[in-house]
Amino acid sequence: VQQQAISIAAGISRMYQHAGSWDQMPPLDMNRYDNQTYVLYITDANGNQLNCTQPPTLSENVCHSSFVQQKMQQAMQSGKPDSNDISLKTSDQSIQSSVYYIEPIQFGDQIIGAVFMTQPQLSHDQIAVLDQIRNYILIAGLGVALVAAFCAYLLVGSIIRPLNALTMAAERMKQGK
């Protein structure tokens with residue numbers, strides 16, 4: 001999520017450079033972030049919302065959260081990124097543990113806005129499933145490696161035996177037998 005936020009902030013900064021101001025900027029096309037698992041929130045330096053995209057599974061509007069707006073202002077004032085855990089309420093009233101990253105948008109030495117992104121963290125059950133899949137892949141890989149080594153052993157043996165026989169026959173011919 002950090003790399004995506006940094007990339008988006010850099011892209012918006014380049015767009016701002018060409019436009020010269022937020023008023024002259026074309027609308028931000030963030031459609032590729034629709035229906036994803038993360039929140040994308042972009043503001044100008046005054047805290048005006050330029051974009052808010054969040055998954056339909058969230059019941060709260062993260063972009064209007066006072067916590068998020070406060071964190072965005074702090075990041076813009078300090079000029080430094082911010083990252084931490086955040087709990088988001090889903091439409092089924094469960095809590096989704098996520099990590100957020102805020103990247104200030106810079107234009108030269110000036111902070112002109114910020115990008116806020118979240119990404120869900122994996123639950124313990126999901127991590128356990130991924131660990132189990134990883135173990136299956138390792139076991140399968142080990143099995144394939146053992147089969148390949150055995151096949152290589154048989155192949156080498158089928159090449160070496162005739163060469164040994166040929167060498168022995170040449171030795172016998174050399175000795176006149």
Side-chain angles (χ1 to χ4, degrees), residues 1-138 140-141:
V1 72
Q2 177 181 354
Q3 290 303 318
Q4 287 179 309
I6 291 170
S7 175
I8 291 168
I12 291 172
S13 180
R14 285 190 300 276
M15 290 172 61
Y16 185 91
Q17 179 181 5
H18 292 296
S21 73
W22 288 116
D23 295 334
Q24 300 300 315
M25 287 229 346
L28 297 175
D29 180 18
M30 298 292 158
N31 289 334
R32 67 182 177 176
Y33 298 101
D34 285 345
N35 296 320
Q36 298 293 327
T37 58
Y38 44 82
V39 175
L40 173 62
Y41 176 41
I42 303 169
T43 66
D44 64 15
N46 297 321
N48 299 317
Q49 178 177 312
L50 302 173
N51 183 78
C52 179
T53 305
Q54 67 182 47
T57 56
L58 295 179
S59 64
E60 61 183 314
N61 188 334
V62 177
C63 301
H64 291 129
S65 157
S66 59
F67 170 80
V68 170
Q69 291 177 354
Q70 178 185 8
K71 289 295 188 180
M72 294 280 278
Q73 284 300 319
Q74 288 172 354
M76 287 187 285
Q77 287 171 357
S78 71
K80 296 178 182 172
D82 184 26
S83 180
N84 211 333
D85 294 337
I86 187 171
S87 296
L88 304 172
K89 191 180 290 185
T90 63
S91 53
D92 65 359
Q93 302 305 309
S94 64
I95 300 296
Q96 174 183 301
S97 180
S98 298
V99 64
Y100 74 82
Y101 186 83
I102 299 173
E103 178 69 21
I105 303 170
Q106 294 187 296
F107 178 65
D109 294 338
Q110 183 182 10
I111 302 294
I112 59 171
V115 174
F116 172 91
M117 286 190 84
T118 68
Q119 183 173 19
Q121 293 179 336
L122 297 176
S123 70
H124 293 293
D125 291 342
Q126 291 168 322
I127 291 170
V129 168
L130 291 175
D131 284 344
Q132 192 174 22
I133 291 170
R134 184 198 65 226
N135 290 340
Y136 288 147
I137 291 171
L138 288 173

Suppose we screen for side-chain contact (heavy atoms from CB on, under 4.5 Å). Which residues come up paired with Ser21, at least two apart in sequence or across chains? Asp23, Gln24
Do you know the tightest heavy-atom contact between Ala9 and Glu103? CB-CG, 3.6 Å
Walk me through whether Ile8 and Leu40 qualify under side-chain contact (heavy atoms from CB on, under 4.5 Å). CA-CA 10 Å; Ile8 291 168; Leu40 173 62; 3.9 Å; yes
Carefully, step by step, assess Leu50 and Asp44 under the rule side-chain contact (heavy atoms from CB on, under 4.5 Å). CA-CA 7 Å; Leu50 302 173; Asp44 64 15; 4.2 Å; yes
Which distance, rounded to the nearest 0.5 Å, do you find between the CZ of Arg134 and the CG of Leu138? 6.5 Å
Side-chain touch Cys52/Asn61, heavy atoms, less than 4.5 angstrom: yes
If you look at every heavy atom in Met15 and Met25, which pair is closest and at what distance? C-SD, 3.7 Å
Counting only pairs under 3.5 Å, give me each side-chain donor-acceptor contact of residues 68-79, with atom names and distances, residues two or more places apart or in other chains.
{"from": "Gln69", "atom 1": "NE2", "to": "Cys63", "atom 2": "O", "distance (Å)": "3.1"}
{"from": "Ser78", "atom 1": "OG", "to": "Gln74", "atom 2": "O", "distance (Å)": "3.1"}
{"from": "Ser78", "atom 1": "OG", "to": "Ala75", "atom 2": "O", "distance (Å)": "3.4"}
{"from": "Ser78", "atom 1": "OG", "to": "Lys80", "atom 2": "N", "distance (Å)": "3.1"}

Using the side chain to side chain donor-acceptor pair (under 3.5 Å) criterion, which residues pair with Ser87? Sequence neighbours excluded. none
Show me the pairs that pass ring-ring contact (aromatic ring centres under 6.0 Å, His included) and involve residues 61-112, at least two apart or across chains. Tyr16-Phe107, Tyr100-Phe116
Of all residues at least two apart in sequence or in a different chain, which pass the side chain to side chain donor-acceptor pair (under 3.5 Å) check with Asp92? Thr90, Ser94
Is any side-chain heavy atom of Ser98 closer than 4.5 Å to one of Gln119? no
Stepwise, does the side-chain contact (heavy atoms from CB on, under 4.5 Å) test hold for Val1 with Thr118? CA-CA 7 Å; Val1 72; Thr118 68; 5.9 Å; no
So, taking the atom named OG1 in Thr43 and the one named CD1 in Ile112, what distance separates them when rounded to the nearest 0.5 Å? 10.5 Å
Output for pair (Asn84 CG, Asp82 CG), nearest 0.5 Å, gives 6.5 Å
Using side chain to side chain contact (heavy atoms under 4.5 Å, CB included) as the criterion, point out the one residue from Leu58, Thr53, Ile86 that pairs with Val39. Leu58
Could you check if a side-chain atom of Ile12 sits within less than 4.5 angstrom of a side-chain atom of Ile42, using non-hydrogen atoms only? yes
Between Val115 and Ile105, does a side-chain contact (heavy atoms from CB on, under 4.5 Å) hold up when you go through it step by step? CA-CA 7 Å; Val115 174; Ile105 303 170; 3.8 Å; yes
List the residues meeting side chain to side chain donor-acceptor pair (under 3.5 Å) with Asp85, not counting sequence neighbours, and say none if there are none. Gln121
